[in-house]
Amino acid sequence: METDDVLDGAPTADTAARVREVIAAAGVSQREFARRVVMDPSKLSRSLSGTRRFTAAELARIADEGQVDAGRLLGTRSREKAAAPTVGVEGGRPLQIVRETVRLIAEHGFHAVRVADIARACATSSAAIHYHFPGRAELLEAAVRWCMDEDTARRATRLAEADDAAAELRQLIALQTPRTAQQRRQWAVWLDLWAEAARSTAVGRLHSEYYRQWRETVADVVRRGVGQGVFRAGLDPQAAALTLTALIDGLATHVLSVGGPSSAAAADAMHAALTTHVTDTILAP
């Protein structure tokens, strides 16, 4: 049972039913709604089934996304809602908070980011941040999940545009080459999370699981390519994915260590090296 910042007297069954109404009105899947309110999909599912209670912060984010008063979700008047005025930010205040958190992590490092820094970046108070995210740990986890979801969405869009597995692999390589400011920020966050994974923290374990999924995505592309005849016959998808993702990680780390005008040249060299590797070891001769 979750105990952090649970609203007193919240009737689990009634609250869950009202949250279902909000999700239905949004016209999206339960998983997509969880992404929008930066909530673990499994926690949303358990809360809706009655095996877990929503926290106050989760209900605040759900209310913001559904544009309803948090008191409606509880069937009562919400004390917390009165303490946090609505702010007209695209995507809602929670999304602004998460985006600013990601930016600060990329610029200053995972452990250097404080709630006060995030509040300052959002032009609000620490109390307003805590209204949506009870603690720093929950906020940082939400930021990491949002980063992962955004990366997954971009990847899915690019793969859908490809004609075959060879084109899919080229798209994945392009996405992983840190050319733009957004890509460099994303990689800066990933590099910081590698250290968390090495320490086996909660966020680190989350990153490890996501990385396992990313590598499996590459293996699936290789598997399809072998079946389509565009990749070498007999190629081991898992081994090829392990080698390619390790090469991507090492080269991206080098690109991020190069600053100024040289960074563009380093990104070009990374892309060329990856393309050569794919041509020499993966593409059918």
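All values reported here derive from a predicted model rather than from experimental measurement.
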Undergrad: Evaluate the side-chain proximity of L172 to R158: yes if any heavy-atom separation is below 4.5 Å, no if none is.
TA: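 They are not in contact (no side-chain heavy atoms under 4.5 Å apart), so the answer is no.
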Undergrad: I would like to know whether I97 and T124 meet side chain to side chain contact (heavy atoms under 4.5 Å, CB included); could you show each step before the answer?
TA: CA-CA 10 Å; I97 292 170; T124 189; 5.7 Å; no
Undergrad: Any idea which heavy atoms bring A188 and A106 closest together, and the distance?
TA: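 Heavy atoms of A188 and A106 come nearest at CB-O, 3.7 Å.
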Undergrad: Under a 4.0 Å N-O cut-off, is there an ion pair linking E150 with R35?
TA: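 R35 and E150: salt-bridged.
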Undergrad: Start with the C-alpha distance between M148 and H207, add both sets of side-chain angles, then the distance that settles side chain to side chain contact (heavy atoms under 4.5 Å, CB included), and finish with yes or no.
TA: CA-CA 9 Å; M148 293 174 178; H207 179 253; 4.1 Å; yes
Undergrad: For the OG1 atom of T15 and the CG atom of L48, what is their distance to the nearest 0.5 Å?
TA: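 Taking OG1 in T15 and CG in L48, the distance rounds to 10.5 Å.
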Undergrad: Measure the CG-OG1 distance between L283 and T275 for me, rounded to the nearest 0.5 Å.
TA: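 Output value for this atom pair is 9.5 Å.
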Undergrad: Are there more than 12 heavy atoms of other residues, nucleotides or ligands under 6.0 Å from atom CG of D163?
TA: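 Open.
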Undergrad: If you count the non-hydrogen atoms of other residues, nucleotides and ligands that lie under 6.0 Å from CD in Q67, is the total more than 12?
TA: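 Not more than 12 within 6.0 Å, no.
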Undergrad: Where do Q96 and R99 land on the side-chain hydrogen bond (donor to acceptor under 3.5 Å, both in side chains) test, with the steps shown first?
TA: CA-CA 5 Å; Q96 183 207 22; R99 283 174 169 167; over 6 Å; no
Undergrad: So do the side chains of V37 and P94 get within less than 4.5 Å of each other, counting heavy atoms only?
TA: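 No, too far: nothing below the 4.5 Å cut-off.
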Undergrad: Of the non-hydrogen atoms in A142 and V98, which two are nearest, and what is the gap between them?
TA: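 That would be O-CG1, 4.2 Å.
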Undergrad: Side-chain contact, heavy-atom cut-off 4.5 Å: L59 with V19?
TA: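 In short, these two side chains touch, coming nearer than 4.5 Å.
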Undergrad: Distance from R120 atom CZ to S125 atom OG, nearest 0.5 Å?
TA: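 It comes to 12.5 Å.
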Undergrad: Working to the nearest 0.5 Å, report the span between CG of L159 and CD of E168.
TA: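 CD of E168 is found 5.0 Å from CG of L159.
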Undergrad: Within the structure provided, determine whether Q176 and W214 are in side-chain contact (heavy-atom separation under 4.5 Å).
TA: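 Heavy-atom side-chain distance check passes, below 4.5 Å.
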Undergrad: Is there a donor-acceptor contact under 3.5 Å from the side chain of S208 to the main chain of G204?
TA: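 It does hold such a pair.
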Undergrad: May I ask you to check whether over 12 heavy atoms, not counting those of R20, lie within 6.0 Å of atom CZ?
TA: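 Counting neighbours around CZ of R20, more than 12 heavy atoms of other residues, nucleotides or ligands fall under 6.0 Å, so yes.
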Undergrad: Will you find, in the side chains of Q213 and E209, an N or O donor that is under 3.5 Å from an N or O acceptor?
TA: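 Judged by distance alone, the side chains do pair up.
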Undergrad: Side chain to side chain contact (heavy atoms under 4.5 Å, CB included) for V203 and F110? Distances and angles first, verdict last.
TA: CA-CA 10 Å; V203 168; F110 196 79; 3.8 Å; yes
Undergrad: If every non-hydrogen atom of S263 is compared with every non-hydrogen atom of V258, which pair is closest and at what distance?
TA: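 Reported closest heavy-atom pair: CB-O, 3.4 Å.
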Undergrad: May I ask you to say whether R224 pairs ionically with D164, meaning some side-chain N is under 4.0 Å from a carboxylate O?
TA: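 Salt bridge absent between R224 and D164.
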Undergrad: Going through the checks in order, is the side chain to side chain contact (heavy atoms under 4.5 Å, CB included) test met by D117 and H108?
TA: CA-CA 11 Å; D117 300 325; H108 304 292; over 6 Å; no
Undergrad: Are the side chain of R93 and the backbone N or O of C122 linked by a donor-acceptor pair below 3.5 Å?
TA: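 Checked: pair present.
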Undergrad: Could you check if a side-chain atom of I105 sits within less than 4.5 angstrom of a side-chain atom of L140, using non-hydrogen atoms only?
TA: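 Sidechains of L140 and I105: in contact.
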Undergrad: Indicate if L175 and V189 have the same hydrophobic cluster label, given that clusters are the connected sets of ILVMFWY residues with side-chain heavy-atom separations under 4.5 angstrom.
TA: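 No, no single cluster joins them.
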Undergrad: Ignoring hydrogens and angles, state whether a donor on the side chain of Q182 or R185 is under 3.5 Å from an acceptor on the partner side chain.
TA: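 Looking only at side-chain atoms, R185 and Q182 do not form any donor-acceptor pair under 3.5 Å.
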Undergrad: Could you check whether W190 and Y210 have their ring centres less than 6.0 Å apart?
TA: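 Yes; W190 has its ring centre under 6.0 Å from that of Y210.
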Undergrad: Counting N and O atoms only, with roles assigned by atom type, does the side chain of Q183 sit under 3.5 Å from a partner on the main chain of T180, one being a donor and the other an acceptor?
TA: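 Yes; judged by distance alone, with no hydrogens or angles, the pair exists.
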Undergrad: P41 versus Q30: any side-chain heavy-atom pair under 4.5 Å?
TA: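 With C-beta onward as the side chain, the pair stays apart.
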Undergrad: At what distance, to the nearest 0.5 angstrom, does CG of D249 lie from NE2 of H254?
TA: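 Result: 15.0 Å between the selected atoms.
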Undergrad: Could you tell me which non-hydrogen atom of A246 sits nearest to which non-hydrogen atom of Y211, and how far apart they are?
TA: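 Shortest heavy-atom separation between A246 and Y211 comes out as N-OH, 4.3 Å.
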Undergrad: Is it the case that the side chain of R136 and the backbone of V113 share a donor-acceptor pair, with hydrogens and angles ignored and the cut-off at 3.5 Å?
TA: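 Yes; at least one donor-acceptor contact below 3.5 Å.
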Undergrad: Is L247 reachable from L242 through a run of hydrophobic residues whose side-chain heavy atoms are each under 4.5 Å from the next?
TA: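 Hydrophobic grouping puts L242 apart from L247.
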Undergrad: Restricting to non-hydrogen atoms, name the atom on I129 and the atom on L139 that form the minimum distance, rounded to 0.1 Å.
TA: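 Heavy atoms of I129 and L139 come nearest at CG2-CD2, 3.9 Å.
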Undergrad: Could you tell me if the side chain of R170 sits less than 4.5 Å from the side chain of H271, heavy atoms only?
TA: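 With C-beta onward as the side chain, the pair stays apart.
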Undergrad: Quick one: pull up CD in E32 and CD1 in I23 and give me the separation to the nearest 0.5 Å.
TA: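 Interatomic distance, E32 CD to I23 CD1, rounded to 0.5 Å: 11.5 Å.
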Undergrad: Strictly below 4.0 Å, N to O, side chains only: are R145 and E141 in salt-bridge contact?
TA: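 Judged by the 4.0 Å cut-off on N to carboxylate O distance, R145 and E141 do form a salt bridge.
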Undergrad: Measure across L235 and V226 and return the closest heavy-atom pair with its distance rounded to 0.1 Å.
TA: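 That closest heavy-atom pairing would be CB-CG2, 3.9 Å.
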Undergrad: For W187 and V255, indicate whether the former's side chain and the latter's backbone hold a donor-acceptor pair under 3.5 Å.
TA: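 Flag not set: sc W187 to bb V255 has no pair under 3.5 Å.
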Undergrad: Applying salt bridge (charged side-chain N to carboxylate O under 4.0 Å, His left out) to E107 and R103, what does each step give before you reach the verdict?
TA: CA-CA 6 Å; E107 291 178 0; R103 181 181 66 78; 3.1 Å; yes
Undergrad: Before accepting this row, confirm whether a basic side-chain N of the pair R155/D151 lies closer than 4.0 Å to the acidic partner's carboxylate O.
TA: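 Yes, R155 and D151 are salt-bridged.
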Undergrad: Taking C147 as the fixed residue, which of T152, T101, V102 is the one that meets the side chain to side chain contact (heavy atoms under 4.5 Å, CB included) rule?
TA: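 The single option meeting the side chain to side chain contact (heavy atoms under 4.5 Å, CB included) with C147 is V102.
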Undergrad: Using side chain to side chain contact (heavy atoms under 4.5 Å, CB included) as the criterion, point out the one residue from M39, R61, K43, R46 that pairs with F54.
TA: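 With F54 as partner, side chain to side chain contact (heavy atoms under 4.5 Å, CB included) holds for just one option, M39.
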Undergrad: side-chain hydrogen bond (donor to acceptor under 3.5 Å, both in side chains), that's the test. Do E216 and Q238 meet it? Break it down for me.
TA: CA-CA 8 Å; E216 192 57 41; Q238 295 294 339; 3.1 Å; yes
Undergrad: So among L251, T243, I248, which one has a side chain to side chain contact (heavy atoms under 4.5 Å, CB included) with H277?
TA: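 The single option meeting the side chain to side chain contact (heavy atoms under 4.5 Å, CB included) with H277 is T243.
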